[in-house]
Amino acid sequence: MPDILEGLTDAQRQAVTHINGPLLVVAGPGSGKTRVITRRIAHLLYCGIKPWNILAITFTNKAANEMRERVAALGTQEGVWLSTFHSYCARVLRQYADRMGFRKDFTIYDDDDSARLIQQLMKEGAIDKERVTPRIIQTLIGAAKERLVAPEEYEAAPSDPAQKAAAQVYAGYQARLAAANAMDFDDLVMKTALLLRQHADVLEQLRRRHQFVLIDEFQDTSRSQYMIAGLLTREHRNICATGDPDQSIYGWRGADIHNILDFERDYPEAKVVFLDRNYRSTKTILAAADQLIAANTERKERTLYTNNPAGEKIRLIQSDNPNEEAGCVAGIVGQLIEDGFAARDIAVFYRVNWLSRPIEEAFLKGGIPYQVVGGVAFYARKEVKDILAYLRLASNPGDEAAFRRIINVPPRGAGPKTLAALGAWAREHNATLIDALKSGQARALVPEKKLAVIDSFLALLSKISAAGDKSANSAAQVAIGQTGYVEMLKAAGRGENHDRIANLDELANAAAGYDEGNPEGKLAGFLEETALVADIDNWKDREDRVTLMTMHAAKGLEFPAVLMLGLEEGILPHMYAKSASELEEERRVFFVAMTRAMRKLYLFYSNERLLQGSWRYNIPSRFLKGIPRELVEIESPAVSFRERPLQYRVKRQEHQDKSASPLTLGPNAPKPGMRVRHGEFGHGVIKSVVRQGQRHKITVTFGGAVDRKLIYELAHLEVISQA
DNA sequence: GCCGTATAATTTTTT
DNA sequence: ATTATACGGC
């Protein structure tokens, strides 16, 4: 067992070497949980378990990929099932699609597609959308699916207009999805649960395949996900759940914290391992977080500890308004960079996406390189979604959402009236909109002049489809190059459409990248990947930029320096959080955010903020009072920060003039002699470097003359000094 | 009936 | 920034 157990604590070793029977690992922030999971998989393989008998579910694709790499570094991992819950469900459903009445090339509708469909059904059903928005109905239907409630079982409280509207729409919504051979995100999970429940032979096959099941971030699994896990493991009971109740922050999406809190009730024989030692943060930061979260009641009692140094006090900075706050953030970030922090070591977190705006402006002014995670994600860009709609429609002619999106983009003379007529025909004949375009009767609805345009549209789709059988990239090339989309952008362009065209190039690149990694995937595989990417999956953690992201997106990450914004009543806790349990979840969001910080933590609140169009005076977040006073240094920007952004701005601009593109600095390549700091092993000196493609395999001599082999790009090393 | 332009309105967290 | 909506021109 060469390296598998090396450097593990007792508790970690217990979790890694436990093989048969249920295992619960309650892992505090920064306690080496990912390490335990990857070593555990490596250990299972070492013990002779076949890779294809291991199923590991992670919260994001990024986590899955990271895990795949880390397991590979310890030996082979070829064949281990490693994916998110949604990807796993999609994969299973494709295999058994016929059992659920779908074809295996079904489309996955994103939130936007499903909202549009609901809106359309509301229009057809003449439901007043002033009082009940599509969004509310979407949430209600999602909640019903989470409880595995079918449309005919859905019961609405008579007094609730939103529920009544949902009851009216739900059946039609499912019917239209089925007609389009499409599923929404909630269907992926619900239909998988139903598949396992209703088809004993399928369940049997899957049970036999997945003999060892690991589920990470267990505190954020939903009831139906828990049910899937339970069905798969009920017989062999080899389920390993890892997570932390204090980091459960997706309750609004159906996550049920009781899955982890009550794990031992359903698996009484479970071995439980607590990982309470933190290797990430300073004593100060950890103590503050530990004290804060102690106020919650829905949790497992524990006390976090660390042997790391006490470090600096947490700094609490009050501003008068968001602009001042942004100026302070830019000032502090600039100072940190001057003090030797790399931009990639710094992160700015906020509860709601729109808080990033003023910060971006301040960073632009200050010449601070940054990247925003999420917000308007790449795949949510209009032009990207349009081209993807062409690809989707070519791949699945039933995809009504895709059809409606692009039938008239660029304009083909098919407006609302034509579309309504086609839609009526399609529903009457139980056919797709594409069928409607092809049928003689429906064609009679369309003016003769337009028929040629329609025919070339249909021909184009066949062409894309044919290209899609070769590769995703070739399909994308056709969709971008031959739809007239780019010409349309250019014609409308007053300069800014260059960005859009560049985004389409990037889409083609993404498709090419997919083809390279998945030669068998073709267009359908690429489409599935684009449907299930998370914002965080696109985070370029190798680029030397300051990261801006929501506190939710920050889960699982760590940064030497963290700045948290908008710590005010109404924002964190958010104004929508009312019940006691919702407030506890808000506190956990705060906890998750602060425990990302390794060495420096800054907390910001502003006295005034623009909320929903009007300026409001905010009071500081109640959670700030949950942090022991002696761990915090309270500062007013007027005293220590107001001038710094200006100084910094001047400096950075001078620097910018000299360097051609300051925003594209790559990470420094490792060199022997370089002094580095590792979160767990401490300070060390790089002894040797071996290049492996994009990666560098390095040997580092840490304090106490211990040599360790690390992958430079994965080890999260802090560079103390160059060689 | 469709197309283009202009105007106003709107933001919790996300697979 | 995107989208819903209205209006005038074709």
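Below, read A as the first sequence line, B as the second, and so on, with proteins coming before strands; counting in each chain starts at 1.
- Salt bridge status for A/D110 with A/K385: present, with a side-chain N to carboxylate O gap under 4.0 Å.
- Residue A/K382 has its side chain nearest to C/dT3 when only C/dT3, B/dT13, B/dC3 are considered.
- Salt-bridge formation is detected for the pair A/R405/A/D112: a Lys NZ or Arg NE/NH1/NH2 atom is positioned less than 4.0 Å from an Asp or Glu carboxylate oxygen.
- Backbone-only contact: A/N408 has heavy atoms under 4.0 Å from sugar-phosphate atoms and none from a base.
- For A/S606 and A/N321, the side-chain atoms include no donor-acceptor pair closer than 3.5 Å.
- Rounded to whole Å, the distance from CD on A/E361 to C1' on C/dA1 is 13 Å.
- On a pure distance criterion of 3.5 Å, no polar donor-acceptor pair joins the side chain of A/R609 and the base of B/dT11.
- The salt bridge (charged side-chain N to carboxylate O under 4.0 Å, His left out) check on A/E585 picks up A/R588, with sequence neighbours excluded.
- In this structure, CE of A/M122 is placed 13 Å from P of C/dA4, rounded to the nearest angstrom.
- The distance from atom CZ of A/R351 to atom P of B/dT11 is 16 Å, rounded to the nearest whole Å.
- Distances shorter than 4.0 Å separate some side-chain N or O of A/R500 from OP1 or OP2 on C/dT2.
- The side chain of A/R381 contributes no N or O atom lying less than 4.0 Å from OP1 or OP2 of C/dT2.
- Taking the side chain of A/H574 as heavy atoms from C-beta on, and the options B/dT12, B/dT15, B/dT14, the nearest nucleotide is B/dT12.
- For residues 410-419 of chain A, every residue pair satisfying the side chain to side chain donor-acceptor pair (under 3.5 Å) rule, not counting sequence neighbours, is listed here: A/Y390-A/R412.
- Of the residues in residues 584-596 of chain A, not one places a heavy atom less than 4.0 Å from an atom of DNA chain B.
- Rounded to an integer number of Å, the gap from A/K385 NZ to C/dT2 P is 12 Å.
- Ring orientation note: the planes of A/W252 and A/Y250 are tilted relative to one another, at an angle of 30° to 60°.
- Comparing B/dT11, B/dT14, B/dC3 by their closest approach to the side chain of A/W354 singles out B/dT11.
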Check nucleotides 8-10 of chain C for protein N or O atoms closer than 3.5 Å to its own N or O atoms and list the pairs.
none

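- Under 3.5 Å, the side chains of A/R68 and A/N65 contain a donor-acceptor pair of N or O atoms.
- Straight-line distance from the CG atom of A/N61 to the P atom of B/dT14: 15 Å, rounded to whole Å.
- Put simply, A/N353 has a side-chain N or O that comes within less than 4.0 Å of OP1 or OP2 on B/dT14.
- Listed nucleotides B/dC2, B/dT15, B/dT12 differ in distance to A/P416; the shortest reach to its side chain belongs to B/dC2.
- Side chain of A/A534, nearest nucleotide from B/dT15, B/dT13, C/dA1: B/dT15.
- Atoms CE (A/M575) and P (B/dT12) sit 9 Å apart, rounded to a whole Å.
- Nucleic acid contact for A/T418: sugar-phosphate only, since backbone atoms but no base atoms lie under 4.0 Å from a heavy atom of the residue.
- Of the listed nucleotides (B/dC3, B/dT15, C/dA4), C/dA4 has the atom at the smallest distance from the side chain of A/Q119.
- Of the candidate nucleotides B/dG4, B/dT14, C/dT2, B/dT14 has the atom nearest to the side chain of A/R253.
- Each of A/Y576 and A/F185 was assigned the nucleotide of DNA chain B with the nearest heavy atom; the assignment lying further toward the 5' end belongs to A/Y576.
- With salt bridges taken as basic N to acidic carboxylate O contacts below 4.0 Å, one links A/R622 and A/E569.
- Summarising the geometry, the separation between CG on A/L93 and P on B/dT15 is reported as 19 Å, rounded to the nearest angstrom.
- Judged as a side chain to side chain donor-acceptor pair (under 3.5 Å), and not counting sequence neighbours, the contacts of A/H210 are A/Y88.
- For A/R609, the salt bridge (charged side-chain N to carboxylate O under 4.0 Å, His left out) partners are A/E325, A/E568, not counting sequence neighbours.
- Side chains of A/N296 and A/D246: no donor on one and acceptor on the other come within 3.5 Å.
- Each of A/T550 and A/K417 has a nearest nucleotide on DNA chain B; the 5'-most of these lies closest to A/K417.
- Taking atom NZ on A/K578 and atom P on B/dT13, their separation rounds to 19 Å, with Å as the unit.
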